[in-house]
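Taking it in order: structure first as structure tokens, then the write-up.
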Amino acid sequence: MKEEIFNSLNKVSLKIFPEFSGNFQVSKPQDSLHGDWTSNLALIMAKQMKRNPRELANEIVESLESPQSFEKIVIAGAGFLNFYLKEEMFFEKTKEFAKGKFETPLEKNPKKILLEYVSSNPTGPIHVGHGRSAAFGSALANLLKKAGNNVTQEYYLNDRGLQAKTLGLSVFLRMQELQGINVNLPEGCYAGEYVKVLALKAKKKFKKKFLLKDIDTSSLESLDDWFNLIEDSFKDFSDLSNFVIEIQTNQIKKDLDSFNVQYDSWFKESDLFKNNLIQKSIKKLKEDEVEEKEGALWFKSTNYGDEKDRVLVRDNDEPTYFASDIAYHENKFKRNFDEIINIWGADHHGYVPRVKASIESLGLDSEKLKTLLIQFVSLKERGQRVQMSTRSGEFVELSELVNDVGIDSTRYYFLARKAEQALEFDIDLAKKTDKDNHVYYIQYAHARICSIKKELKKRNIEFELETSLEKLNLLKENEKDIISLINGYPEILEQCYKNYELHPLCFYLRDLSSKFHSFYNSEKIITENKDYSDAKIALSTAVQEVIKNGLNILGINCPEVM
RNA sequence: CUCCCGGUAGCUCAGCUGGAUAGAGCAUCUGCCUUCUAAGCAGAGGGUCGCAGGUUCGAAUCCUGCCCGGGAGGCCA
């Protein structure tokens, strides 16, 4: 509908003023008194034409074609064009939605999209910060799919390199402790409790294979000292590293799966090495943008506006994380996606320019890549900030939070906040099971409607949806406000889709629920007046379906009984 | 020092691609259960949109400068 209005207005604007190039809008007015749709076209045009906006508005209305969907078009305020839908059009969306029809062809040209998110290192458990990305990524995937696109969700696994070795060492040292050999953990080792759990598993698997026995380690201090010793004494050490990385990876998969997050693809960094893709990609960078300096190999990302040039291969011949990422991104592009989306923690924002630079140097179209940054999460409990620091291993695991407050609350509050805004997660609020907790409030509205349906059966009252939907005009004016809100649902989805955001949907569902609770409470829905009763149940059904549809996108459960 | 995010009601936040009287929730105060779920509803009070300029018919929204909070700036990931 919005589009129809936009197109016909556009047509008229060009007729009146062919040079018109303004960016006018058609939107839902804040106040329903201002109609079902409103446009600022006359105001925008008046500026360019240096004319009186109200006069212009008159001309526009006069030459507007096919206004048959509208009861009236009113010129208001400074020159707004307010469109009032005819009643039968007004009920259109509610009728469709009540029947569960949500065909929203948001995307006219469906795309093949790669969505990479979380991708945290398998050196430890997923924590709450990753959880926010997980909730966001999976919900965005749902939305992109609903819009008609083909979406691949991918997790990039850093399963090799220094961090894998460090985890191996950390577990190795805990294994010694299990045998009564005391060693000091060097700086940089992973210190969390989960490392001890891994050590137990490793001990079971490898028995006495990785034991120090009589080796004197008293002089060892740094990570490197230890790595040297291990290289000399334990030829198969990588078996241990690989083993614990695999266990951690499975743990991550499990944690994400129980958070309603499912991937289509797990991409291993080690595969890039197996196939020598890193070297191959580096060779494909523009020749004059790669140079050797101070024993290392550099990429001149400053050519593309990056702050400084970046190292690709260290002086010890080990490629950097950045080099892997170039190969990984080249691989993404080779897989022929129309759009490639990365969801990264905001602490990686400095990383964006160099990756874009490398893509361009490879001769690929960096416009295809979109990077969304998610800000940090902090936790609040009993009015106090929960202390967290990754360095000391005192972070709160996602699974811990989910166990505490539940998956629905966790997902909702992660999503109800603009992604680029830091999030303060109120644990006490999220645990509440009353109206203060928005997700309960929304679910409760849905459950209440289910409950009405049950009551109908109990009382043996017949209800036929199709015919009842024809009685919507019996609703009172204030009840029609709900219909107006329902009419706005597609635009909310469109806004989310266009801007890669989900919080407007969260806010919308809460608003809709609020309107419904108010409606429910004002008077009985099931009454002696059969026709009016039918109309109210039909309206409730539409609300029920919209809530179900919305929660589904957010990846939040929609119980029928609470 | 450079870059990124933020500063809107007592608190947590929407609104920011310029539009009509700046909105929600919480908290505070006043009401509402013989009822299809009170796990709820109705009402009230509460604002220098960080500060100062600028752009224009119109600025919370755009531009410039400044102040405050958080984050990032490795041959770590």
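Lettering follows sequence order; numbering is per chain, from 1.
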In residues 517-529 of chain A, which ones come under 4.0 Å of RNA chain B, going by heavy atoms?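 Residues of residues 517-529 of chain A that come under 4.0 Å of RNA chain B are, in numerical order, A:His517, A:Ser518, A:Tyr520, A:Asn521, A:Glu523, A:Lys524, A:Ile525, A:Ile526.
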
Find every protein N or O atom lying less than 3.5 Å from an N or O atom of nucleotides 14-17 of chain B, and list the pairs.
unit_1 : atom_1 : unit_2   : atom_2 : d
B:A14  : OP1    : A:Arg417 : NH1    : 2.6
B:A14  : OP1    : A:Lys418 : N      : 3.4
B:A14  : OP2    : A:Arg417 : NH1    : 3.4
B:A14  : OP2    : A:Gln421 : NE2    : 3.0
B:G15  : OP1    : A:His503 : NE2    : 2.9

Would you call A:Lys332-A:Glu116 a salt bridge at under 4.0 Å N-O? yes

Does a salt bridge link A:Glu318 with A:Arg160, judged by any charged N lying under 4.0 Å from a carboxylate O?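 A salt bridge links A:Glu318 with A:Arg160.
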
Under a 3.5 Å cutoff, is there a donor and acceptor pairing between the side chains of [X] and [Y]?
X	Y	result
A:Asn158	A:Glu269	yes
A:Asp159	A:Thr249	no
A:Glu107	A:Tyr497	yes

Syn/anti state for B:C16 [syn: chi within 90° of 0]: anti

Assign the ring pair A:Phe507 / A:His503 to parallel, tilted or perpendicular, where the plane angle (0 to 90°) is split at 30° and 60°. perpendicular

Could you tell me how far [M] sits from [N] if I compare only their [atom1] atoms? Round to whole Å.
N	M	atom1	value
B:A9	B:A14	C1'	13 Å
B:G43	B:U8	C1'	25 Å
B:G23	B:A27	P	22 Å
B:G50	B:C5	C1'	16 Å

Can a donor-acceptor pair be found, under 3.5 Å and without considering hydrogens, that links the side chain of A:Arg354 to the backbone of A:Asp309?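 Not confirmed, A:Arg354 side chain does not pair with A:Asp309 backbone.
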
A:Tyr441 side-chain N/O to B:U37 phosphate OP1/OP2 under 4.0 Å: no

Would you say the rings of A:Tyr489 and A:Tyr508 are close, in the sense that their centroids are separated by under 6.0 Å?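 Centroid separation for A:Tyr508 and A:Tyr489: below 6.0 Å.
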
Opposite nucleotide pairing with B:U61, Watson-Crick or G-U, both atom distances under 3.5 Å: none

Quick one: look up who B:C66 pairs with, Watson-Crick or G-U, both distances under 3.5 Å, and put none if it's unpaired.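 When the pairing criteria are applied, B:G50 turns out to be the nucleotide that pairs with B:C66.
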
Check: A:Thr320 side chain, B:A77 base, donor-acceptor under 3.5 Å: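 A donor-acceptor contact between them is absent.
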
